Amino acid sequence: MKSFFKGIGVFVLLVALHYSVRPLLGTRISVDFLVIAVLLAAVHVRPGVAALIGFGTGLIADSLTPLSFGAGALALSAMGSAASWLKAAVFGDNRVLQAIFFAAGKLAFDIVYLVAERRLGLGDLLVQLFVWSPLSALATGLAGVLVVFVFRISMESRP
Amino acid sequence: MARATRSGTRVDKVVLAACLVASLLALVLPASARQSVAGDIRETFVGPLIALQVQAERARGAFVARDISAARLDSLVLRNAELRDMELENVRLRALLGLGARLRTGFVAAEALHRPELGDAHTVLVTAGARAGVVERSAVVAPEGLIGTVIGVEQESSIALLWTHPEFRVSAMSADGRVFGIIGPHLGRGAGRFLLELQGVAFRDSLAAGTEIRSSGLGSVFPRGIPIGTVVSDITTPGGYARTYLVRPVVMPADVTVVMVLLPATANLESAWKAPAADSLQRAIGRAADSLARAARRDTVPGDSTRRRP
């Protein structure tokens with residue numbers, strides 16, 4: 001029960017960081033705290049619940065970008081559910097594999113989100129997917145490992 | 001157990017499918033409906049997050065604006081410092097023009113170039129020489145009063161000895177011509193080094209603090225009536241044969257960049273420094289500035305029908 005409340009606290013904190021630290025940095029290469037929050041939750045819940053968490057979080061994010069409303073929910077639902085299904089392969093205390101896990105989640109989110117929102121032209125889409133998204137994924141992976149380390153979050157999967 | 005797991009997996013798939021379908025529906029909703037749903041979510045759950053984002057954006061804006069503001073402030077401070085210098089120079093030049101207008105003839109205007117070499121703090125290079133009529137022992141003055149005397153003359157320039165030199169002397173008197181003495185630098189320490197001494201004043205004569213001291217014209221080196229300073233206090237030593245007064249100079253040579261070299265024909269200058277406040281040139285400049293300001297005001301008065309007509 002204690003770890004449950006701790007998990008909720010970390011989740012809320014990460015959502016808050018997403019709307020406070022990210023705008024403060026204001027760079028194109030940014031840490032996606034929402035992705036980290038959903039991935040951390042997904043490791044500890046069933047895929048359906050992970051999809052719901054991703055959907056809710058995505059709707060919150062989408063409410064601030066009404067033109068692409070639904071894209072974030074779609075991407076986070078799919079990513080959260082997939083992460084929950086793949087949690088057997090989430091590798092305990094191996095920091096490198098954890099970083100890859102967070103980075104891959106961010107990359108997957110970006111791909112689904114950018115394709116679903118249909119806002120960017122082909123050139124811009126390719127630049128975003130092959131330049132900025134990988135760099136942001138790298139930053140998100142490192143930040144995810146830092147969060148796990150700082151809050152001593154267990155990455156062992158639970159049913 | 002296996003059935004429960006299979007059932008759970010099926011539920012997960014259904015929930016995932018529902019989420020994906022709902023997301024896709026949100027994506028294809030009409031713009032107005034999307035706006036409405038997004039607005040409802042913003043007003044219910046997302047309010048605190050929006051507040052956080054607004055604060056963060058403001059903080060970032062402040063960071064970015066700080067550098068720009070600092071650069072602007074630096075430029076303003078620099079310009080302000082330059083303006084202050086220009087203002088002082090302008091005032092000095094106006095005073096010099098006024099003095100020139102009162103003297104009418106018998107002087108050469110020149111620049112005084114302070115020389116940075118060590119050991120040469122008591123002389124300045126004056127940009128007027130023999131070709132302009134300057135001769136040795138010509139008095140060098142500023143609008144406020146005496147600065148020094150010419151000790152070397154070239155064709156285009158000359159060297160002036162400042163009153164700070166230990167051997168500088170000038171015959172002086174009180175402004176009313178009642179008390180006479182010899183002015184020389186006060187060879188004190190610290191701030192006192194920038195004062196003068198009125199030496200050799202007869203014991204029967206006394207001067208009150210604030211008395212104006214001018215050149216007396218005796219000795220024919222300095223014309224009569226050039227302001228030198230004001231009496232600060234009596235510093236007569238016990239057992240002396242004459243009184244000595246400490247005098248605050250009217251002009252500090254280091255502040256002067258433009259000077260006038262008085263030609264030998266000049267004899268009595270008392271009237272030139274009599275009433276500097278009533279300087280006619282300054283008044284003329286003031287009048288011109290006032291009329292310009294009035295004209296500018298007239299031009300900017302709205303509804304001035306006379307100016308709208310061709």
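Chain letters run A, B, ... following the sequence lines, proteins first and then strands; every chain starts at 1. Below, each value reflects all heavy atoms present in this structure, side chains not excepted, and no hydrogens, waters or symmetry copies. Keep in mind the model is a prediction, meaning the values are calculated, not measured.
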Where [X] and [Y] come nearest, the two heavy atoms and their spacing:
X: B/Leu52; Y: A/Ser20; value: CD2-CB, 4.0 Å
X: B/Asp12; Y: A/Arg46; value: OD2-NH2, 2.8 Å
X: A/Ala71; Y: B/Leu27; value: N-CD2, 3.7 Å

Pairs of heavy atoms under 4.5 Å with chain B: top-ranked of A/Ser81, A/Ser63, A/Ser77, A/Ala75:
A/Ser63
Shorter than 4.5 Å, heavy atoms on both sides: which option in A/Gly48, A/Gly72, A/Ala16 has the most such pairs with chain B?
A/Gly48
Interface moiety of A/Ala50 toward chain B, non-hydrogen atoms closer than 4.5 Å:
neither
Atom group of A/Arg118 that falls short of 4.5 Å from chain B, counting heavy atoms
side chain
All N/O donor-acceptor pairs, side-chain side in residues 16-26 of chain B, below 3.5 Å, sequence neighbours left out:
| from | atom 1 | to | atom 2 | distance (Å) |
| --- | --- | --- | --- | --- |
| B/Ser23 | OG | A/Leu74 | N | 3.2 |
| B/Ser23 | OG | B/Cys19 | O | 2.8 |

Check side-chain contact (heavy atoms from CB on, under 4.5 Å) between B/Arg58 and all other residues, then give those that pass, not counting sequence neighbours.
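For B/Arg58 the side-chain contact (heavy atoms from CB on, under 4.5 Å) partners, ignoring immediate neighbours, are B/Val54, B/Gln55.
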Does A/Arg22, at its CZ atom, have more than 12 non-hydrogen atoms belonging to other residues, nucleotides or ligands within less than 6.0 Å?
yes
Using a heavy-atom cutoff of under 4.5 Å, enumerate the residues of residues 33-41 of chain B that contact chain A, numbered in order, or state 'none'.
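Within residues 33-41 of chain B, the residues under 4.5 Å from chain A are B/Arg34, B/Gln35, B/Val37, B/Ala38, B/Ile41.
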Pairs involving residues 45-75 of chain A, ordered by first then second residue, that meet ring pair (Phe, Tyr, Trp, His ring centres under 6.0 Å) (sequence neighbours left out):
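The answer is none; no pair qualifies.
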